[in-house]
Structure formats: structure tokens, C-alpha cells
Amino acid sequence: MAGLRLGPLLRYVDGASGTSATLWVEADRPCTAEVRCPGGASGSSRTFQIAGHHYALIPVTGLAPGTATPYEVLLDGRRVWPPERSPFPPPVIRTPAPGAARLRVAFGSCRWAAPPKDERDPAGPDALDTLATVLSARLTADPDAERPDVLLLLGDQVYADSVSSATRRWLAARRDLADPPGAQVGDYDEYTRLYDESWGDPEVRWLLSTVPSCMIFDDHDLIDDWNTSAAWLAEMRATPWWPERLVGGLMSYWVYQHLGNLPPAELAADPLYAAVRSSPDGTEALRRFAAGAGADPAAARWSYRRDFGRVRLLMVDSRAARVLDEQKRAMLDEAEADWVREQVLDGTGPYDHLLIGTSLPWLLPPLVHDAEGWNAALCRGERGPRWARFGEKVRRRADLEHWAAFPSSFAGLAELIARAGTGPQAPATVCVLSGDVHHAYLAEPVWPTGGPDARVLQLTCSPVHNSVPRALRAAFRFGWSRWGRRLGRGLARHGRLGRPPVRWRRRGGPWFGNQLMTLTLTGRAARLRLDQARAGRAGARLVTVLDEDLTP
């Protein structure tokens with residue numbers, strides 16, 4: 001008798017017709033996974049096998065636009081979701097009404113799995129877990145209460161290089177932790193443990209079953225500082241345990257995160273997905289793909305586009321598609337950059353808001369931006385080989401690897417945003433949504449001559465559940481200060497750097513804590529809210545620290 005190991009996750013909901021969706025499940029044995037809804041909407045799919053695990057991505061059709069439809073998941077005809085006597089409201093698939101003018105987008109990044117309820121949480125309350133608890137209570141009282149329409153998880157959904165005590169014990173029972181990679185995950189099966197731990201939390205599991213999600217990876221999904229430089233990559237490729245870690249990481253990302261990002265039409269045209277589903281065991285086909293993608297960034301595209309009515313979301317891979325040659329450094333290789341440009345400019349005008357999701361912030365505190373540009377100049381030899389060696393050491397120790405560390409890509413994104421946001425049919429806002437830096441802030445760029453008609457903002461929200469040392473908090477605050485700006489310009493002069501193509505001002509923050517942002521887009525209006533998870537006598541709660549109209 002088949003059982004549900006993990007999920008369901010509600011992933012794709014059609015933002016145009018509002019009649020279809022996809023749900024992801026992991027079963028404990030081969031079976032047929034089925035979704036049934038009142039009124040006849042349904043879908044089914046046979047599980048596919050990867051490394052002894054069994055998964056299905058179930059397409060659901062026949063949904064009615066503008067409805068919230070309860071659903072059940074069945075494995076070989078037996079209902080497995082929702083569980084009997086569930087303490088949560090029934091999971092539903094909410095579809096947009098034709099011409100719907102409102103979209104609520106919740107987003108954040110960097111989430112350690114929450115520990116069991118009876119264990120102390122050194123990182124404080126988990127914002128995602130707290131959102132689930134608050135939302136569950138709200139919907140129990142009023143099924144029509146406000147909820148996010150989509151959840152964007154902007155990287156570090158799991159931490160392959162920083163595991164919990166429970167996972168460390170599990171690894172120790174599996175192998176000798178004295179051998180590399182020690183208390184870090186080493187292969188695909190160990191990655192599955194991280195997803196079990198992260199998505200198996202009852203509150204988070206319910207939340208992901210009823211709110212659609214879009215995901216993209218960052219470094220800790222593979223390893224800290226993943227693809228930071230050519231020297232780093234050469235060292236890792238010479239490390240005996242790294243090839244299996246890389247293959248396992250990309251395989252698990254494809255199965256657990258990437259597949260659900262894609263609409264059914266793209267899935268139907270994906271030869272790898274077809275090969276995996278048609279084989280009794282798709283492990284080797286997926287291994288070959290992951291090995292190829294790890295060796296050649298151009299072999300796979302992890303970026304993707306989603307349209308929600310008149311809101312366009314472009315999720316950009318800012319990790320795997322990098323060009324690391326010091327003389328040609330780029331955040332995106334040429335083919336990926338061309339693809340991003342095409343998606344941004346395709347049909348410019350039909351959308352009211354453009355959201356660019358990238359795990360790494362485009363606009364950083366000015367001192368950090370200039371330090372990264374200075375470091376990139378040193379590493380490409382602007383001050384000679386001794387400075388270049390020094391620059392590589394600083395780059396790794398200080399994590400100087402954001403858009404600012406790829407100056408041509410930073411400028412290219414500025415140009416693309418200006419072009420997309422200019423003209424009589426320009427969107428009302430262009431928002432770059434990011435995480436990674438373990439604090440939240442708003443920044444607004446200013447172009448030296450003119451600038452786009454759209455309002456452009458960098459919205460950074462991190463972490464969902466993690467921590468940041470006090471010294472780093474002070475450093476981030478200093479990075480925005482007048483003296484921080486002056487120090488940054490001094491570094492830029494030493495690196496022989498010109499002025500960046502845009503300047504920017506901090507419009508809010510920095511805020512520290514476990515947090516989520518929610519962007520509410522109504523017609524051409526936009527409103528932003530920042531909620532932090534805080535402990536209380538009655539349990540964790542969400543406290544709103546910002547609620548601001550972005551398009552007054």
C-alpha cells in the first residue's frame with residue numbers, strides 16, 4: 001500500500017486561463033498519484049523513480065477560474081491527503097478570475113529547517129512556519145481571508161553545508177564523519193534527508209500544499225560560495241568528494257524544486273522529463289544531465305518566466321550560469337543573458353509590473369558595492385599579481401560575489417531595466433526581489449540622465465529562518481552611512497573604477513530578524529509589507545514593521 005512520504009506541494013497555477021495547476025508529491029513506492037476536486041477537476045500521473053525514491057508531478061485540469069477548490073491526493077486510489085483529523089483548513093487550489101487585478105506575492109530566502117517543537121530554536125521563530133500558523137488560524141475563522149497568491153523562495157531552501165543536529169546524527173549512522181565531506185551532505189540520498197526535514201514540518205507542509213510556490217537556488221543549496229571564482233572552481237573540481245556532491249545537488253534541485261517551476265507546456269516539451277518518466281528507473285538519465293550541467297553552465301537553463309495576468313515574474317539563475325574567467329566575468333553567460341533580455345522585452349507594455357527574482361541583490365550598501373568592484377579589479381590584475389592573489393583571498397573570506405562583483409553584468413541589468421521601464425506603455429514598477437544577505441532593506445536607483453518612467457526598487461528580504469552576527473549587522477549599517485560611502489569610493493579609486501551607471505538611495509532598513517516581505521499589486525498600484533516572526537508567550541507571531549505604498 002503506497003504512502004505519502006513528502007508533499008503535496010502546490011507549484012504551478014495557470015495565471016492566464018485559471019483552469020490548470022500542478023502538484024508535486026513523493027511517495028514511498030511506485031504508484032499512480034491522483035488529484036481529485038469537487039466538480040470534476042482532476043489529474044493523475046504515474047510516479048517516476050530516482051535513486052530509489054518515487055515522485056510525481058500531477059497536472060490538474062478542469063478547474064474553474066476565480067475559485068478556491070478543495071482537493072484530495074490519492075495514491076493507487078487511497079486518499080493520503082489531507083490526513084484524517086487534520087488541524088489545518090482544507091488545502092485548496094485558488095485560480096485567478098479573468099482579468100483579476102490583484103496579486104499578492106510573499107518572498108524571502110535563507111531558511112534553516114525549524115527544529116522539533118520541543119527543542120530550543122537558537123535562530124528564533126521561523127518566519128515561514130509562523131506564516132503558516134497565522135494563516136491557518138485566519139482561514140479557519142474566515143475561509144475567504146487574505147492569503148498570498150504565490151510564495152517566492154529566493155534561494156537556500158536547504159543547507160547542504162550546515163546541517164541540523166538531527167541530520168548530523170543521521171549522517172553519522174550512515175557513514176564515518178571523519179571522512180570528507182564530514183557533517184555535510186555528500187550525495188543524492190543525503191539531499192533527500194534535507195528536503196524531508198525542511199518540508200516535512202507540519203505547518204510548512206500544509207502551507208506549501210495550499211499556496212503556489214516558485215523557487216530558485218543559491219549557494220548553500222550546493223555549497224557556500226558556489227561558483228565564486230575560477231580559482232575556487234578549479235580547487236573544488238580537484239576535491240575528491242565534490243563531483244558527487246555537485247551531481248547530487250543538481251539532481252535533487254531538478255526533482256524537488258525546478259520541475260514544479262515549469263508550466264505544463266514546457267514540461268511536455270522537456271526531453272529529460274520525458275526520458276525520466278518513460279524509464280523504469282530515471283536515475284542514470286538524470287545523473288548524466290546533472291553532470292553535464294555541472295561541467296558546462298550552458299548545458300542547462302535554470303531561469304524561468306511566469307506571467308500572472310498583467311504581472312511578469314522572471315526568476316534569474318545567478319549561480320550556475322556564471323562566466324568565471326577573470327577577464328570576462330559575467331553573472332550570466334551570453335546565451336542566458338540573451339534569454340533574460342528576450343523575456344523582459346517580449347511584449348513590453350502588456351504587463352503592469354515586472355518582478356525580477358534573483359537570489360543575490362543587485363543594489364547593495366554602497367560600501368559593499370564598491371568593495372566588490374574593487375575586489376573584482378584586483379582579481380583581474382588591475383594592480384598586479386600580488387594584489388590579485390590578495391584579492392582572491394579577500395573575495396572568499398568576505399563573500400564578495402554579488403552583482404557588483406560582475407561589473408559588466410551589473411551595468412547590463414541597469415540598462416535592461418531602464419529600457420524595460422521606459423516608454424508610454426512601461427510598467428508602473430520594476431522590482432528586483434532578492435535575499436542572501438541576512439537582512440532586509442529597500443533601495444531605489446537614480447539614473448544620471450533621465451531614467452526609466454517606471455519606479456525601480458531593490459527589495460531585499462532575508463533570512464526566513466537564520467541568523468546574522470552582531471558584527472555583520474554593524475557592518476551593514478555602516479555600509480549605508482556617509483563614511484561608508486566615502487570609504488567605498490576610496491576603494492573604487494584604488495581599483496581604478498569609474499562611477500557605476502546608476503546611483504541609489506536606501507529607502508528603508510536595514511531590518512534584522514526572521515522575516516518575509518509581501519508585495520501586493522493591484523492594477524498599476526503596488527504596496528509592500530515586511531513582517532517579522534517574533535516569539536511571544538502564546539507562541540510566535542508576525543509583527544508588521546513596514547507597510548508602505550510604493551506607487552503613491
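All residue numbers refer to positions in the sequence shown, counting from 1. Not measured: the values here are computed from a predicted model.
Within the 4.5 Å cutoff, the side chain of Val502 has no heavy atoms near those of the Val446 side chain. Residues Thr95 and Thr19 have side chains not in contact (no heavy-atom distance under 4.5 Å, counting atoms from C-beta outward). Leu131 places none of its side-chain heavy atoms less than 4.5 Å from the side chain of Asp129. Residues Phe107 and Thr460 fail the side-chain proximity criterion, which asks for heavy atoms closer than 4.5 Å. Between Pro361 and Gln458, some side-chain heavy-atom pair lies under the 4.5 Å cut-off. Considering only heavy atoms from C-beta on, Leu208 stays 4.5 Å or farther from Leu10 through its side chain. Between Cys214 and Val150, some side-chain heavy-atom pair lies under the 4.5 Å cut-off. Within the 4.5 Å cutoff, the side chain of Glu334 has heavy atoms near those of the Asp338 side chain.
Look at Arg529 and Asp547 and you find no salt bridge, because none of the NZ, NE, NH1 or NH2 atoms lies under 4.0 Å from a carboxylate O. Between Arg395 and Glu326 there is a salt bridge, since at least one side-chain N of the basic residue sits less than 4.0 Å from a carboxylate O of the acidic one. A salt bridge links Arg111 with Asp126; the closest basic N to acidic carboxylate O contact falls under 4.0 Å. Salt bridge Glu401/Arg322: present, at least one basic N to carboxylate O contact under 4.0 Å.
Distance check, rounded to the nearest 0.5 Å: SG of Cys461 to CG of Leu519 gives 11.5 Å. Rounded to the nearest 0.5 angstrom, Phe476 CZ and Phe512 CZ are separated by 7.0 Å. Here the CH2-CG distance, from Trp403 to Leu363, works out to 11.0 Å after rounding to the nearest 0.5 Å. Remark: Ser409 OG to Asp333 CG distance equals 10.0 Å, nearest 0.5 Å. In this structure, CG on Leu63 lies 9.0 Å from OG on Ser17, to the nearest 0.5 angstrom. To the nearest 0.5 Å, the span separating CG on Leu324 from SG on Cys379 amounts to 11.5 Å.
Nearest heavy-atom pair across Pro264 and Thr22 is CG-CG2, 4.0 Å. Here the closest non-hydrogen pair linking Ala127 and Leu542 is O-CD2, 4.4 Å. Taking all atoms of both residues into account, the shortest heavy-atom contact from Val204 to Ala132 is N-CB, 4.3 Å. For the residue pair Pro148 and Val211, the shortest heavy atom distance occurs at O-CG1, 3.9 Å. Minimum interatomic distance between Gly513 and Pro463 (heavy atoms only, all atoms of both residues): O-CD, 3.3 Å. Taking all atoms of both residues into account, the shortest heavy-atom contact from Ser462 to Gln515 is O-NE2, 3.0 Å.
Checking His494 against Trp374 by side-chain atom types alone, a donor-acceptor pair falls below 3.5 Å. Asp317 and Tyr304 are not linked by any side-chain donor-acceptor pair at a separation below 3.5 angstrom, with hydrogens and angles left out of the test. There is a side-chain donor-acceptor pair under 3.5 Å between Ser318 and Thr358. Between the side chains of Arg380 and Gln327, no donor-acceptor pair is found at a separation under 3.5 Å. With 3.5 Å as the limit, one finds no donor-acceptor pair spanning the side chains of Tyr253 and Gln157. At a cut-off of 3.5 Å, with distance as the only test, no side-chain donor of Arg541 or Thr130 sits close to an acceptor on the other residue. A donor-acceptor contact closer than 3.5 angstrom links the side chains of His220 and Asp161. Thr544 and Asp531 are linked by a side-chain donor-acceptor pair at a separation below 3.5 angstrom, with hydrogens and angles left out of the test.
Legend: salt bridge (charged side-chain N to carboxylate O under 4.0 Å, His left out) pairs involving residues 364-376, not counting sequence neighbours, sorted by first then second residue: Asp370-Arg489. Sequence neighbours left out, the pairs with a member in residues 218-228 that pass salt bridge (charged side-chain N to carboxylate O under 4.0 Å, His left out) are Asp218-Arg319, Asp219-Arg319.
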I would like to know whether Arg397 and Glu392 meet salt bridge (charged side-chain N to carboxylate O under 4.0 Å, His left out); could you show each step before the answer?
CA-CA 9 Å; Arg397 290 180 181 176; Glu392 179 64 25; over 6 Å; no
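In summary, of the residues considered (Arg455, Arg524, His353), a side chain to side chain donor-acceptor pair (under 3.5 Å) with Thr429 occurs for His353 alone. For the side chain to side chain contact (heavy atoms under 4.5 Å, CB included) with Cys431, the lone residue among Leu442, Leu354, Val105, Leu355 that qualifies is Leu355. Considering Asn261, Leu259, Leu262 as possible partners of Arg11, the one that fulfils the side chain to side chain contact (heavy atoms under 4.5 Å, CB included) test is Asn261. Results of the salt bridge (Lys or Arg N to Asp or Glu O under 4.0 Å) test with Glu146 over Arg102, Arg94, Arg104 single out Arg104 as the only residue that passes.
More than 12 heavy atoms of other residues, nucleotides or ligands lie within 6.0 Å of CD in Glu266, so this atom counts as buried by the packing criterion. By the neighbour-count criterion of 12 heavy atoms within 6.0 Å, atom CZ of Arg473 is densely surrounded, having more than that number from other residues, nucleotides or ligands.
Using cut-offs of 30° and 60° on the angle between ring planes, the pair His258 and Trp302 is perpendicular. The aromatic rings of Trp24 and Tyr256 lie tilted to each other, with the angle between the two planes from 30° to 60°.
Within the cation-pi definition used here (under 6.0 Å to the ring centroid, within 45° of the axis), Arg312 does not qualify as a partner of Tyr351.
For His369 and Trp362, the ring centers are positioned 6.0 Å apart or more.
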